[in-house]
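In this text, all values refer to a predicted model and were calculated from it rather than measured experimentally. The chain is numbered in sequence order, starting from 1.
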Amino acid sequence: MVKKTLLFNKLKRFKKGSLLKGQFFSDQHLLENQISIEELTAKETQELQKKDMEDKLGEANQEAAKQKSKKKKITNAITFALNIVIVVVILVVQLSTSEVESFSDIIASGFFKWQFIPLILVFFAVIMFLETIRSSIYLHNACNKYRMGLCFRMIAIGRYWDGVTPLSTGGEPMQIFYLNKHGVDAGTSISIPLARYVIYQISWLMVSIFAIIYSINVYGETNLVSIASYIGFGINALVLIGTWVLSVSKKLGKILVAKSLKFLQKIKLIKNYEKVYDKVMDTVNGYQTTMTKYTKNIKQFILMIFLQVLQFVVCYTITYFIYLMLGGAPGWDIWLSIVVYSILIDLAASFIPIPGGTGMSEVSFTIIFGSIFPNGTVFWGMLLSRFMNHYIYLIQGLFVTVYDYVWGNKKYEWQKKKWELEAESNKFKQSQIKKYNKRARVGKIKL
C-alpha cells in the first residue's frame, strides 16, 4: 500500500503536458513495477480517471481548434478542388470513348424516372433518423434526456469533419467538443462518440465479411477494385481484432503495444513514441470500457448493431434507386449486387489517406458499375451516388454550422438560462416547503 501511495503522489506532481503518461505506462515501467490502475485504491483510480477524462476533453478541444484553423480551411479547399478535378478527368476520359450520354438525352429518352428522386431523399432522411435515434439512446442512458435536435446536429458536424479529414479522423473529436459545448458533461461527451465508433466498427466488419464472401462465391472475379477492397477489409479487420485482443488483458496489452511501438521506433516508422502510445492505449481502453458498459444490456447492444447494419443497407440502397432512376431494370438480384459492390467500393477507398476516399471512390464506381448501369449512364450514376454519399453530408454540416452561428448558439444560451432559473425555482420551492413543514411541526409541539 505504501508503494502504491508513493506512486500516486509522484503521479500527481507532474503537470499537464509532461511526459507522465509515456513514463507511467511505458514498457519499462510495466516490466519493472508490474503496477496497473486496477491495483490502485478506488479513490486514486477515480482521480486518475477524472484526470484522464479532462485530458481527453482537452485533446478534443485542441483538435477542434486545429480543424477550424486557417491552414485546415486551405487544405479542405484544395481537397475539394482535387475532387472536382478527378470528376472532370473521368468525364473527359469517358467522353473521349463515347461512353457518356448527355443528361438531356437521358431525360429525352423517356427512361429517366423522376419518381425516384423523392424516394432517394426519403431514404437519406431515414439514414439521419437512424443515426440520431442511436445517439439519443446513448444520451438518454447517461443523463435521462433524449435531446434529438442536439444529437442530429452533433452527427451532422461529425459527418462533415469525417468527410474533410484523412481516413475520417476528424469527426469524433469535433463531436466530443460539440456535445460538451452544448451542456453535456465531459464523460458523456466522450463516451457517446466512442460507443458509436465501436458499434460502427463491429457492424462494418459484419457487412464487409458478408460482401467479401458473397462476391467471391457469386462473382469470383478479380480486378483492381476487388484487390483494393480485400486490402481495406484486412486493415479494418486487423484493427478491430487487434483492439479486442489487447483489451482482453490490460497488462498484457500495454506490454505488447509498448514493445511493438519501440520496435517501430527503432526502424524509424514512428517518431514520437509517447504520443503514439497514448493514442493506441486510449483506443484500447476506450474500446474495453465501452464494451463492458454497453454489453451489460445485451438487448440494447444487439439493437444498436441491428440499427447500424440497417443504416448500411438503406445507404447502399440509394445507389440502387439511382440505377433505377437512370433507366435500370428492377430486381432483387441486381439490388443485392449493387449493395455488395457498394460495400467493396467503400472498402477499397477506406485505406486511401485522402478525405472521403477521393479518387478511389470515383474510379472504383466507374470500373465496377460500368457493366451494370445502362449504357452511357455510369458517369451520372457515379456523380449522383457520390453526391448522396459524400457531398450532401458536407452541405448538411455547413448548414448546421451556419445555423449555430446565426441562431442555434443563442437559442442554447437562452435554454441554459431557462434551465438554471427552473433549477433555482425548484430549489427555492423545496426550501419553502421544508420551512413550512418545520414551522408546522413546531406548532404541533407547542400545542
statement: With sequence neighbours left out, the residues meeting side-chain contact (heavy atoms from CB on, under 4.5 Å) with W407 are Y403, K411
query: How many angstroms lie between CD1 in I157 and CG in L398, if you round to the nearest 0.5 Å?
result: 8.5 Å
- prompt: Given side chains that start at C-beta, do those of V402 and F399 come closer than 4.5 Å, heavy atoms only?
  reply: no
- request: Check the pair M304, Y138 against side chain to side chain contact (heavy atoms under 4.5 Å, CB included), reporting the backbone distance first and the verdict last.
  value: CA-CA 10 Å; M304 291 301 181; Y138 290 136; 3.6 Å; yes
task: Start with the C-alpha gap between S136 and R147, add the side-chain angles, then the distance that decides, and say whether side chain to side chain contact (heavy atoms under 4.5 Å, CB included) holds.
output: CA-CA 7 Å; S136 298; R147 298 186 70 179; over 6 Å; no
- prompt: Is there a side-chain contact between I298 and F301, using heavy atoms and a 4.5 Å cut-off?
  reply: yes
message: Could you check whether D404 and Y178, counting side-chain N and O atoms only, form a donor-acceptor pair closer than 3.5 Å?
response: yes
message: Is the distance between the ring centroids of Y160 and Y393 under 6.0 Å?
response: no
Distance-only check: which donor-acceptor pairs under 3.5 Å involve side-chain atoms of residues 106-114, not counting sequence neighbours?
unit_1 : atom_1 : unit_2 : atom_2 : d
S109   : OG     : I106   : O      : 2.5
S109   : OG     : F111   : N      : 3.4
K113   : NZ     : F111   : O      : 3.4

- request: Can you see which heavy atom on P374 is nearest to which on G327, and at what distance?
  value: CG-C, 3.7 Å
- prompt: Are T317 and F321 close enough that some pair of their side-chain heavy atoms sits under 4.5 Å apart?
  reply: yes
- request: Could you tell me which non-hydrogen atom of G381 sits nearest to which non-hydrogen atom of I322, and how far apart they are?
  value: CA-CG2, 4.0 Å
message: Could you tell me if the side chain of F177 sits less than 4.5 Å from the side chain of H182, heavy atoms only?
response: no
- prompt: How close do V340 and S215 get, heavy atom to heavy atom, and via which atoms?
  reply: CG1-CB, 4.2 Å
message: How long is the straight-line distance from CG of L150 back to CG of L139, given to the nearest 0.5 Å?
response: 6.5 Å
task: Using modelled atom types only, decide if a donor and an acceptor are shared between the side chain of S229 and the backbone of L347 within a distance under 3.5 Å.
output: no
message: Quick test of your reading of the model: are R196 and E172 salt-bridged, counting only N-O distances below 4.0 Å?
response: no
query: Do the non-hydrogen side-chain atoms of M154 and M174 ever get within less than 4.5 Å of each other?
result: no
Validation: residues 199-210 side-chain donor-acceptor distances under 3.5 Å, sequence neighbours left out:
unit_1 : atom_1 : unit_2 : atom_2 : d
S203   : OG     : I199   : O      : 2.8
S208   : OG     : W204   : O      : 2.6

task: State, yes or no, whether a side-chain contact exists between I133 and C151 at a heavy-atom distance under 4.5 Å.
output: no
- request: Tell me yes or no: between the side chains of R134 and Q308, is some donor less than 3.5 Å from an acceptor?
  value: yes
message: For the OG1 atom of T132 and the CZ atom of R153, what is their distance to the nearest 0.5 Å?
response: 10.5 Å
- request: State the CG-OG1 distance between N180 and T188, to the nearest 0.5 angstrom.
  value: 10.0 Å
- prompt: Hey, mind stepping through N389 and C315 against side chain to side chain contact (heavy atoms under 4.5 Å, CB included) and telling me if it holds?
  reply: CA-CA 8 Å; N389 292 324; C315 178; 3.4 Å; yes
- line: In terms of heavy-atom contacts, L130 and L307 come closest through CD2-CD2, 4.0 Å
field: Enclosure of F123 CZ (heavy-atom neighbours >12, cutoff 6.0 Å)
entry: yes
- prompt: Side chains of D346 and Y316: is there a donor and an acceptor less than 3.5 Å apart?
  reply: yes
- request: State yes or no: are the ring centers of F116 and Y323 separated by less than 6.0 Å?
  value: no
- line: Closest non-hydrogen contact found for Y320 with P330 is OH-CA, 3.4 Å
message: Let me confirm one number: the CD-CD1 distance from Q175 to I190, rounded to the nearest 0.5 Å.
response: 13.0 Å
field: Atom pair CG (L324) and CH2 (W335), whose distance is rounded to the nearest 0.5 Å
entry: 12.5 Å
query: Can you check whether M382 reaches V378 side chain to side chain, under 4.5 Å on heavy atoms?
result: no
query: If we only count heavy atoms from C-beta on, is the I155 to S135 side-chain gap below 4.5 Å?
result: yes
message: I'd like to know whether CZ of F103 has more than 12 heavy-atom contacts from other residues, nucleotides or ligands below 6.0 angstrom.
response: yes
message: Checking L344 against I212 for the side chain to side chain contact (heavy atoms under 4.5 Å, CB included) test, could you report, in this order, the C-alpha distance in whole Å, the side-chain angles of both residues, the deciding distance, and whether it holds?
response: CA-CA 8 Å; L344 296 182; I212 292 289; 3.9 Å; yes
- line: Taking every heavy atom of F365 against every heavy atom of I345, the minimum-distance pair comes out as CA-CD1, 3.7 Å
